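Written out below as structure tokens is the structure these notes cover.
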Amino acid sequence: MSDTESKEPLNFIEQIIEEDLKNGKHGGVVHTRFPPEPNGYPHIGHAKSIVLNFGLAEKYGGKCNLRFDDTNPEKESSEYVEAIKRDVEWLGYEWHGNALFASDYFDRLYEWATELIKKEKAYVDDTPVEQIRAERGTPTEPGKESAYRNRSVEENLTLFSEMKDGKYPDGAKILRAKVDMASPNMHMRDPILYRIRHVEHHRTGNSWCIYPTYDFAHGQSDSLEEITHSLCTLEFEVHRPLYNWIIEQLEIFPSRQIEFARLNLGYTIVSKRKLLQLVEGGYVSGWDDPRMPTLSGIRRRGYTPNAIKNFIHKVGIARRDSITDVALLEYSIREDLNKTTNRVMGVLDPVKLTITNYPEDRDEELTAINNPEDESAGTRKLPFSNEIFIERADFMEDPPRKFFRLGPGREVRLKYAYIIKCEDFKKDGDGNITEIICTYDPDSKSGQDTSGKKVKGTLSWVSAKHAETVEVRLYDRLFKTENLNEIEDDFLNHLNTDSLSTLDNVKVEPSLKNAQAGSRFQFERQGYFVVDQDSGDTKKIFNRTVTLRDNWAKQSRK
RNA sequence: UGCCCGAUGGUGUAACUGGCAACACGUCUGAUUUUGGUUCAGAAGAGUCUAGGUUCGAGCCCUAGUCGGGCAACCA
């Protein structure tokens with residue numbers, strides 16, 4: 001694997017890995033990890049990290065751990081742990097061994113803290129929060145050393161042990177590293193290693209009342225797991241000197257931190273905090289609302305793991321901030337679904353069409369191809385009769401020249417059936433078309449057409465008396481602003497109020513009667529749909545995953 | 001008036017580590033098509049943030065600047 005010469009260009013992380021491999025670093029082992037904090041549901045941005053970390057391990061024959069960074073019990077819960085596991089598995093990855101937790105290392109971390117104290121590299125500080133903050137200085141001014149900075153090793157050891165034993169209330173004391181209060185890097189100005197929190201942890205319960213900070217837990221966790229390449233996003237770059245400092249002081253396995261730019265998507269928000277706001281504020285139905293960029297939302301929307309992975313690969317990995325065009329995501333899902341999904345007939349906005357010369361009592365079974373992209377998908381029977389439904393948008397009373405569909409006197413083909421001609425139509429008092437009257441050409445049956453006619457348009461349809469009525473939920477982007485990083489007002493002001501529209505009188509062919517939740521279909525000429533989990537036995541619900549590309553719509557917009 | 005990153009078509013990434021910018025998406029043509037889908041053929045679109053420098057030669061190296069991002073939670 002690792003010695004395969006691929007022609008694919010390598011991203012900068014792969015270049016680093018291949019260089020390490022060449023130099024025999026870590027004995028040619030590649031070991032990565034996906035390290036989420038269980039404080040929210042994973043979203044498309046996390047997918048980038050998941051695909052990167054697990055993908056690299058796969059590519060180089062290495063391993064990838066799943067490790068929860070659960071050092072802040074106040075925000076974390078096992079609900080999130082489960083959601084994260086589910087999503088990683090859904091994407092098709094298997095973590096190495098059991099799921100791991102930073103909290104598994106609390107004992108070890110405590111020992112290491114003690115070790116740092118003994119080396120005079122850490123001390124207990126009684127300074128109040130506000131003062132600590134003030135003494136840290138600003139980016140342009142150096143900080144001031146704490147009055148407690150030079151306590152004796154013995155005193156620090158005693159105090160730290162008492163902190164652990166619960167002798168002090170929250171915030172009374174902290175453990176800090178002794179680095180350099182004048183460092184131009186704020187994170188090196190005696191960073192906090194442990195804080196007192198008398199709260200229950202979702203895994204360790206009440207056995208601890210002091211918890212390590214990210215900086216004191218993450219690097220050592222990587223080290224304990226012998227992570228060779230520790231990948232994280234750009235904002236942790238300034239933490240890297242501290243990450244390395246701790247590893248050096250403790251003389252432990254030297255994992256290497258490498259940062260890459262997080263994923264930004266147009267019209268999409270990727271912030272757990274804001275996503276939580278959408279859920280709690282009732283702007284969406286939940287974490288798995290199909291409009292949400294969460295993996296659970298995307299999954300419910302009908303996206304496939306393959307599409308997500310391909311999308312991430314197409315986006316690439318780099319160190320510069322960027323915002324990816326949603327069109328790339330949509331392309332990825334269409335590309336996948338086009339090849340894998342069966343076609344069916346569905347009419348979203350039905351209008352009745354009567355074929356006057358077709359016998360009322362006649363039922364015909366036509367043969368339809370399930371997937372023109374996949375012959376093995378076979379064919380199915382489609383019932384036809386004198387009354388059918390077609391899409392309201394497929395008829396125009398006064399059509400423009402480039403409109404290939406139905407209009408007075410025009411002819412079109414009904415897919416898999418006959419060529420029909422519009423003879424007349426009816427309208428109600430408001431001018432809405434209520435019925436289209438046609439005749440058909442008996443010699444034009446699909447597959448045995450002897451009519452010699454050529455028509456430009458082919459319509460999808462559903463036989464009225466055989467149709468199933470279902471509900472369809474059409475989704476649009478949740479926000480109306482493309483770059484949500486640039487806005488200055490509340491992001492909620494940018495919500496697209498028309499992001500969901502529900503159609504409750506959609507007609508579909510009878511083969512869909514027993515479609516199971518999670519099954520995906522292409523409604524011919526419309527888009528890709530997935531059966532929603534809310535579907536009842538009486539009425540199915542279909543979520544529209546994405547529309548088909550539509551050159552006509554594009555052209556008619558001009 | 002600090003430190004650290006980054007800057008390549010509309011968007012996202014490449015450029016064999018110095019040899020005269022490529023791929024994908026998007027856009028536009030045309031062909032095929034019983035999905036205005038798919039597929040196929042093709043086109044337009046950047047001279048690589050700016051100014052210097054090194055070099056036979058710079059998107060790649062150096063210097064300065066500009067612009068963008070990050071860093072002052074007992075968050076991660």
Side-chain angles (χ1 to χ4, degrees), chain A residues 7-11 15 35-37 39 69-72 74-76 125 129 132-134 136-143 170-176 183-189 191-197 210-211 213-215 217-218 232-241 259 261 266 272-273 311 313-332 334-335 338-339 343 345 369 372-373 402-405 412-417 419 446-447 449 455-460 485 522-527 547-556:
Chain A
K7 286 143 227 153
E8 285 288 295
L10 303 177
N11 63 50
Q15 289 177 13
E37 182 189 14
N39 67 343
D69 229 333
D70 56 348
T71 58
N72 184 9
E74 285 164 306
K75 292 181 179 168
E76 299 153 5
D125 195 340
V129 218
I132 286 187
R133 215 170 282 165
R136 189 152 29 221
T138 68
T140 52
E141 297 163 288
D170 288 5
K173 288 177 168 33
I174 54 168
L175 183 75
R176 299 177 78 173
S183 171
N185 182 339
M186 301 293 290
H187 294 276
M188 297 299 269
R189 321 243 266 223
I192 291 166
L193 269 24
Y194 265 94
R195 69 285 211 195
I196 301 172
R197 275 300 107 88
I210 58 171
Y211 292 95
T213 55
Y214 165 83
D215 286 312
H218 200 92
C232 61
T233 44
L234 254 27
E235 67 268 27
F236 290 99
E237 188 173 359
V238 284
H239 292 248
R240 195 173 62 219
E259 311 85 19
K272 282 193 270 189
R273 201 194 94 243
F311 167 67
H313 288 305
K314 278 187 262 250
V315 169
I317 304 293
R319 281 176 66 83
R320 71 177 116 164
D321 290 310
S322 61
I323 176 159
T324 298
D325 194 331
V326 277
L328 191 60
L329 214 212
E330 294 184 346
Y331 171 81
S332 300
R334 288 189 186 113
E335 181 187 38
N338 175 48
K339 293 184 211 123
R343 276 62 171 167
M345 294 290 197
I369 294 165
E373 304 293 316
K402 283 185 175 167
F403 188 77
F404 299 164
R405 282 109 94 151
V412 296
R413 172 171 292 282
L414 294 175
K415 185 149 184 173
Y416 299 128
I419 290 174
S446 272
D449 186 346
V455 291
K456 274 188 287 186
T458 300
L459 303 190
S460 40
N485 292 326
Q522 181 199 102
F523 284 13
E524 296 237 9
R525 306 197 304 135
Q526 298 294 337
T547 61
L548 252 33
R549 268 180 58 189
D550 189 350
N551 284 317
W552 165 243
K554 221 180 283 176
Q555 194 178 83
S556 49

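All values below come from the heavy atoms of this structure, side chains included, with hydrogens, waters and symmetry mates left out. Given the structure is predicted, the values throughout are model-derived calculations rather than measurements. Just so we're on the same page: letters track the sequence lines, and every chain starts at 1.
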Evaluate the side-chain contact (heavy atoms from CB on, under 4.5 Å) criterion for residues A:Thr547 and A:Arg334: first the C-alpha distance (whole Å), next the side-chain angles of each, then the deciding distance (0.1 Å), finally the verdict. CA-CA 8 Å; A:Thr547 61; A:Arg334 288 189 186 113; 3.5 Å; yes
When you measure from the side chain of [X] to the backbone of [Y], do you find a donor-acceptor pair of N or O atoms at a distance under 3.5 Å?
X	Y	result
A:Thr138	A:Thr140	yes
A:Glu141	A:Gly137	no
A:Arg189	A:Ser183	yes
A:Tyr214	A:Thr71	no
A:Asp215	A:Ile192	no

One character per nucleotide, please: for nucleotides 65-76 of chain B, 5' to 3', B when the base has a protein heavy atom closer than 4.0 Å, S when only the sugar-phosphate does, - otherwise. ----SBSBSBSB
What string of B, S and - do you get for nucleotides 34-42 of chain B, 5' to 3', if B is base contact, S is sugar-phosphate-only contact and - is no contact with any protein heavy atom under 4.0 Å? BBBBS----
Show me the dot-bracket string of RNA chain B, counting Watson-Crick or G-U pairs under 3.5 Å, with | for pairs to another strand and [ ] for crossing ones. .((((((..((((.....[..)))).(((((.......))))).....(((((..]....))))))))))).....
Atom [atom1] in [X], atom [atom2] in [Y]: separation rounded to 0.5 Å?
X	Y	atom1	atom2	answer
A:Ile174	A:Ile196	CD1	CD1	9.5 Å
A:Glu330	A:Leu548	CD	CG	11.5 Å
A:Asp550	A:Lys554	CG	NZ	8.0 Å

Would you classify A:Ile323 as touching base, sugar-phosphate or nothing, given that sugar-phosphate means primed atoms plus P, OP1 and OP2, and contacts are heavy atoms under 4.0 Å? sugar-phosphate
So what does A:Ser322 hit on the nucleic acid, given a heavy-atom distance under 4.0 Å: a base, only sugar-phosphate, or nothing? sugar-phosphate
[atom1] spacing across the pair [N] / [M], given as an integer number of angstrom:
N	M	atom1	result
B:A7	B:G12	P	12 Å
B:U50	B:U66	P	15 Å
B:G6	B:G42	C1'	36 Å
B:A15	B:A72	P	33 Å
B:G57	B:C20	P	15 Å
B:C5	B:C16	C1'	26 Å
B:G10	B:C71	P	29 Å
B:A64	B:A21	P	30 Å

Mind telling me whether [N] is syn or anti, cutoff 90° either side of 0?
N	value
B:G47	syn
B:U17	syn
B:A31	anti

Check whether any side-chain nitrogen or oxygen of A:Gln15 sits under 4.0 Å from OP1 or OP2 of B:A15, and answer yes or no. yes
Less than 4.5 Å apart, any side-chain heavy atom of A:Gln522 and any of A:Glu373? no
Would you say the side chain of A:His218 lies within less than 4.5 Å of the side chain of A:Phe236, judging by non-hydrogen atoms? no
Can you name the nearest heavy-atom pair linking A:Glu37 to A:Asp69, along with the distance? CG-O, 3.5 Å
Nearest heavy-atom neighbours spanning A:Asn338 and A:Arg343: OD1-NH2, 2.7 Å
To the nearest Å, give me how far apart [atom1] ([X]) and [atom2] ([N]) are.
X	N	atom1	atom2	value
A:Glu259	B:G6	CD	P	10 Å
A:Leu459	B:U33	CG	C1'	16 Å
A:Leu329	B:G26	CG	P	12 Å
A:Leu328	B:U11	CG	C1'	9 Å
A:Asn11	B:G6	CG	C1'	17 Å

Of the listed nucleotides (B:G2, B:A24, B:U11), which one gets closest to any side-chain atom of A:Thr140? B:G2
